[in-house]
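Notes to accompany the following structure.
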Amino acid sequence: MHDIRWIRQNAEAFDAEMARRGLPAQSSAILTLDAFRRDAILKVEAAQKARNERAKAIGMAKGRGDTAEVERLMGGIVEDLAQSTVEVLAQREAELTDLLSSLPNILAPEIPEGADESANITLRQHGEPARPNFGAKQHFELGEALGLMDFETAGRLSGSRFVVLKGALARLERALGQWMLDTHSGPNGYTEVAPPLLVNAATLYGTGQLPKFEEDLFKTGDKYLIPTAEVPLTNLVAQQIIPEPVEPLRYTALTPSFRSEAGSAGRDTRGMLRQHQFHKVELVSITRPEDSEAEHERMTSCAEAILTALGLTWRRQLLCAGDTGFGAAKTYDLEVWLPGQAAWREISSCSNTHAFQARRMNARFKRGKDTVFVHTLNGSGVAVGRALIAVLETHQQEDGSIALPEVLHPYMGGLTRLG
RNA sequence: GGAGAGGUGGCGGAGUGGUCGAUCGCGUCGGUCUCGAAAACCGAAGUACUCGCAAGGGUACCGUGGGUUCGAAUCCCACCCUCUCCGCCA
């Protein structure tokens, strides 16, 4: 959601910002609606004022038993001019809100131009891409060879884009999630949350999944399955005026995420890279405006430390304009190197949305006389399913066994390798 | 799912058609008093939109949305949520 007042004063700048997103100029349509709306407000309020004064006068006349005066006042013509104006006003208001809420966030100034991921910028890298000379296998080859990863059965149970994990591999998934959650809720200072996995439409609107991206969601009854824990965690402060968050509010949760993958038919169909259901440890921070940039760096570092501790090779990408998501002002993607695929694949996405979600959610804090929108940030810390893939492919041995990262040993009941 | 009760300002709790944005108590903030504090007393204090250079106006908001009425926190309808009891259930 955009600040209509800012658009009013910076119409050209707003159009320029939308142009960076590849969108045509919007401001004149917005300002036309806004002018209509404000004009209607003046009319409606004037009519309301007149009505109130009249009603009050009748009440007072009745109070002192002046029936003649009551009669006289009641006799006046009722102007229902207001009613049609009220309807026009409601309509304009809805149109304006629809338009404003359908437009993506304004990008941070440092975001590079570019249409797709080829214009993303690598900011840092940890480790060198491994190309084992024994011919590295992909994660599903490894998992299936171990007899612990079963796509066929999952297909029978549910359909494509599901998997059944068994034995040590099922435990590995649990271990990864537990360890990440422990790391973030412990040393990294995030508050662990167990949120609802089904949320209503207003909640999804708050974080920006609705109304534009409904086809990406699974829906059951009048509730939606969360596509990420970002949704419930960020909405923890929705509709609230919180105390000034001098220290950012930091929340983390390990939850399943559900995505319909509507637009990605045929992409990454093999393996568990792109599933309808996956576990993810999510990080969400609520900050004052002046703190969000530093918090973005901190959050991303927390996710990077996870990858490093798992012995993975990773790099941080600053997403270009065309690759930055709808609600984000700035996004860092973390990509891990998958030796089996010989490719960098996204494993975490850390975004600063500035006040974009806060405005939709109406999440604010008090500072002196002012009520200020918070800034919200979210990041994966990290996607469990993809972390599992990365661990398998990175730590595979020539014989097809997997050497488990040391940090996971306690979570694996002492098991140090698979196979 | 069935029956009942209820949703009012930070909290508690009045208010069943009229000058109610809302009595009162607690809490909070400012002041007086005090060496300082407490107590007491005085005062302030919601959110949003909108008009205005400003000072300062206006309008709306008593779970949400409709309706009745000159006038709704109060009456009617629908929905949501909470609580109690019953049933079912991980």
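Below, chains carry the letters A, B, ... as their sequence lines are ordered, and counting in each starts from 1. The basis for the numbers below is simple: all heavy atoms, side chains too, and nothing from hydrogens, waters or symmetry mates.
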_From C-beta outward on A:Arg51, which listed nucleotide comes closest to its side chain: B:C49, B:A60, B:U19?_
B:A60
_Using a 4.0 Å heavy-atom cut-off, does A:Ile58 contact any base of the nucleic acid, only the sugar-phosphate backbone, or nothing at all?_
base
*asked:* Would you call the rings of A:His276 and A:Phe162 parallel, tilted or perpendicular, taking 30° and 60° as the class edges?
replied: tilted
_Per A:Glu45 side chain, nearest of listed nucleotides B:U59, B:G21, B:G18_ = B:U59
_Distance check, P atoms only: B:G10 and B:G6, in whole angstrom units._
23 Å
*Is the phosphate of B:G71, meaning OP1 or OP2, less than 4.0 Å from a side-chain N or O of A:Arg54?*
no
_Nucleotide opposite B:C70 in a Watson-Crick or G-U pair, distances under 3.5 Å_ = B:G18
*What does A:Arg359 touch in the nucleic acid at a heavy-atom separation under 4.0 angstrom: a base, only the sugar-phosphate, or nothing?*
nothing
_Taking pairing as Watson-Crick or G-U wobble with both contacts under 3.5 Å, can you name the mate of B:C83, or confirm there isn't one?_
B:G4
*Heavy atoms, side chains only, cut-off 4.5 Å: are A:Cys320 and A:Ile121 in contact?*
no
*Using a 4.0 Å heavy-atom cut-off across all strands, classify A:Asn362 as base, sugar-phosphate, or nothing.*
nothing
*B:G58 base / A:Lys49 side chain donor-acceptor hit below 3.5 Å*: no
*Ignoring backbone atoms, test whether A:Asn52 places a side-chain nitrogen or oxygen under 4.0 Å from the OP1 or OP2 oxygen of B:U19.*
no
*When you check the gap from the basic side-chain N to the acidic O, do A:Glu297 and A:Arg316 get nearer than 4.0 Å?*
yes
*Any side-chain donor-acceptor pair under 3.5 Å between A:Arg345 and A:Gln341?*
yes
*asked:* Under 4.0 Å between a side-chain nitrogen and a carboxylate oxygen: does that hold for A:Glu113 and A:Arg20?
replied: yes
*Nearest to the side chain of A:Thr371, which nucleotide is it out of B:A48, B:G18, B:G21?*
B:A48
*With both distances under 3.5 Å as the test, what is the Watson-Crick or G-U wobble partner of B:G65?*
B:C77
*Using atom C1' of each nucleotide, how far apart are B:C77 and B:G87 to the nearest Å?*
29 Å
*With a cut-off of 6.0 Å (strictly less than), are more than 12 heavy atoms of other residues, nucleotides or ligands near NZ of A:Lys166?*
no
*Determine the interatomic distance between C1' on B:G27 and the same-named atom on B:A48; round to the nearest Å.*
25 Å
*asked:* Given B:C70, B:U19, B:A48, identify the nucleotide with an atom nearest to the side chain of A:Met60.
replied: B:U19
_Need the pair for B:U28. Rule: Watson-Crick or G-U wobble, both distances under 3.5 Å, any strand; none if unpaired._
B:A44
*If pairing requires Watson-Crick or G-U wobble contacts with both distances under 3.5 Å, which nucleotide is the partner of B:C35?*
none
*Say you pick atom P in B:G12 and the same atom in B:G18; how far apart are they, in whole Å?*
27 Å
*Is the phosphate of B:C49, meaning OP1 or OP2, less than 4.0 Å from a side-chain N or O of A:Arg5?*
yes
*asked:* So, does A:Arg37 get its side chain near the phosphate of B:U50, meaning an N or O under 4.0 Å from OP1 or OP2?
replied: yes
